[in-house]
Amino acid sequence: MTVSIAYLGPPGTYSEAAAIAYVDQLQQDTGEECLLCPYPSISQTLRAVARSQAQRAVVPVENSLEGSVPMTLDALWQLDSLQIQRALVLPISHALISPVQELSAIKTVYSHPQALAQCQGWLEQFLPAVQLIPTNSTTEAVQQLEGDRFAAAISSQRAAELYDLPIIAFPINDRPDNCTRFWVVSLQPSPGGAYTSLGFSVPANLPGALSQPLQVFASRGINLSRIESRPTKRSLGEYLFFLDLECDSRKSSVESAFQELRSHTETLKIFGSYDFVAIKSD
């Protein structure tokens, strides 16, 4: 049986690189054949799995320089059925791609907002006067060069090869240790692992509403490796909270923590337990 895997396309994105690495692991571990399916946005990538149009999805969730990817968190909260299967950590090295021969001739730079932010220092130093235009993906940025003769794109080396365009500068990310964490999600129950991700909402305007859920974990010695808030999109000042825990949700002590947590939250969603896999750079 062929496993269909959705990712943020077009081909040449870092999401594709993570998806290819995941496919390589699957083929080594299980021998499964895979079909990569590009989608134009993170939301559509995840909805493809929720609607059974694809069996799994590989989506970015956090960058070491710029933090979380809000679209992934928002979509995962909205789509109740998805479960995390694995986390992949991919080294990210950005290239400046352009048919323009001189930096001084570049007037516009296209890229995904995360990539633009990860190269902010380099851009301020070498291209301080250019217009920065966000795109849905780093490969879409490369596609924009066809109609703009004074433009450049920040994307991957693979994207430059796919579109047969020269690389003007590489690497241009502000830190050499730049990396992005991706989640593999599906409709299958999570396999368990050393990390658990969840989200919850709490009653609005209630003193101590957040401290009580956090105390549930502190009292059991469960470490939080990440916590952040996102607006509920219902009313100003109302938030959702996303947490990563260093624990396996299948353990009895963690299950009891979740039972208690439900009494302190409005809505609680367990996204799954999983392990991390580091992807080696080429």
Checklist entry - Under the salt bridge (Lys or Arg N to Asp or Glu O under 4.0 Å) criterion, do Arg220 and Glu260 qualify, and how do the steps go? => result CA-CA 11 Å; Arg220 291 171 170 80; Glu260 183 181 348; 2.9 Å; yes
Checklist entry - With distance as the sole criterion, is a donor-acceptor pair present between the side chains of Gln120 and Glu124 under 3.5 Å? => result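 Side-chain D/A pair, Gln120 to Glu124: present.
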Checklist entry - Have Glu32 and Thr30 got a donor and an acceptor in their side chains that come within less than 3.5 Å? => result yes
Item to check | Residues Glu161, Gln157; criterion side chain to side chain donor-acceptor pair (under 3.5 Å); working and verdict | outcome: CA-CA 6 Å; Glu161 295 170 1; Gln157 290 177 295; over 6 Å; no
Within the structure provided, determine whether [X] and [Y] are in side-chain contact (heavy-atom separation under 4.5 Å).
X	Y	result
Ile5	Val23	yes
Glu266	Pro203	yes
Asn136	His112	no

Please find the pair of heavy atoms, one from [X] and one from [Y], that lie closest to each other, and give the distance.
X	Y	answer
Pro171	Ser93	CB-CB, 4.3 Å
Ala159	Thr139	CB-OG1, 4.3 Å
Thr138	Thr13	OG1-CA, 3.9 Å
Ile154	Ala141	O-CB, 4.5 Å
Ala17	Leu90	CB-CD2, 4.0 Å
Asp174	Trp122	OD1-N, 3.0 Å

Reported [atom1]-to-[atom2] distance for the pair [X] and [Y], which is rounded to 0.5 angstrom:
X	Y	atom1	atom2	value
Ser111	Gln144	OG	CD	11.0 Å
Thr135	Leu116	OG1	CG	7.0 Å
Leu145	Phe150	CG	CZ	13.0 Å
Arg149	Thr108	CZ	OG1	12.5 Å
Leu82	Gln188	CG	CD	11.5 Å
Leu96	Phe170	CG	CZ	12.0 Å

Checklist entry - Just wondering, more than 12 heavy atoms not from Gln27 lying within 6.0 Å of its CD? => result yes
Item to check | Greater than 12 external heavy atoms within 6.0 Å of Asn223's CG | outcome: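 Correct, the count exceeds 12.
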Do any N or O atoms from the side chain of [X] and from the backbone of [Y] form a donor-acceptor pair under 3.5 angstrom?
X	Y	answer
Thr180	Pro60	no
Tyr239	Val202	no
Ser190	Ser273	yes
Ser156	Tyr14	no

Checklist entry - Which is it for Gln118 and Gln114 under the side chain to side chain donor-acceptor pair (under 3.5 Å) test, yes or no, and what are the steps along the way? => result CA-CA 6 Å; Gln118 292 161 27; Gln114 281 266 344; 3.2 Å; yes
Item to check | Partner of Ser186 by side chain to side chain donor-acceptor pair (under 3.5 Å), out of Arg56, Arg86, Gln85 | outcome: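 Of Arg56, Arg86, Gln85, side chain to side chain donor-acceptor pair (under 3.5 Å) with Ser186 is met by Gln85 alone.
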Given the rule that I, L, V, M, F, W and Y join up when any side-chain heavy atoms are under 4.5 Å apart, are [X] and [Y] in one cluster?
X	Y	result
Leu245	Tyr274	no
Val185	Val277	no
Leu243	Ile222	yes
Ile270	Leu79	no
Leu46	Tyr7	no

Item to check | Intermediate values then yes/no, side chain to side chain contact (heavy atoms under 4.5 Å, CB included), Leu76 and Gln78 | outcome: CA-CA 5 Å; Leu76 196 64; Gln78 295 165 6; over 6 Å; no
Next on the checklist: Between Lys107 and Asp148, is the salt bridge (Lys or Arg N to Asp or Glu O under 4.0 Å) condition met? List the steps.
Outcome noted: CA-CA 10 Å; Lys107 298 180 180 179; Asp148 193 337; over 6 Å; no
Next on the checklist: Set out, in order, the CA-CA distance, both residues' side-chain angles and the distance that settles side chain to side chain contact (heavy atoms under 4.5 Å, CB included) for Asn178 and Asn63, then state yes or no.
Outcome noted: CA-CA 7 Å; Asn178 186 28; Asn63 177 262; 2.9 Å; yes
Next on the checklist: Between Glu62 and Trp183, is the side chain to side chain contact (heavy atoms under 4.5 Å, CB included) condition met? List the steps.
Outcome noted: CA-CA 9 Å; Glu62 183 180 24; Trp183 278 337; over 6 Å; no
Next on the checklist: Ile168 vs Val100, test: side chain to side chain contact (heavy atoms under 4.5 Å, CB included). Steps then yes/no.
Outcome noted: CA-CA 8 Å; Ile168 305 301; Val100 178; 5.9 Å; no
Checklist entry - Does the ring pair (Phe, Tyr, Trp, His ring centres under 6.0 Å) test come out yes or no for Tyr195 and Phe276, once each step is laid out? => result CA-CA 8 Å; Tyr195 295 86; Phe276 272 73; 4.7 Å; yes
Checklist entry - Under 4.0 Å between a Lys/Arg side-chain N and an Asp/Glu carboxylate O for Arg158 and Glu16? => result yes
Checklist entry - Between Arg226 and Glu228, is a salt bridge (Lys or Arg N to Asp or Glu O under 4.0 Å) present by the stated rule, with each step listed? => result CA-CA 7 Å; Arg226 181 178 68 96; Glu228 68 177 277; 2.5 Å; yes
Next on the checklist: Using salt bridge (Lys or Arg N to Asp or Glu O under 4.0 Å), reason through Arg175 and Glu66 one step at a time and then give a plain yes or no.
Outcome noted: CA-CA 11 Å; Arg175 290 186 59 87; Glu66 289 303 309; over 6 Å; no
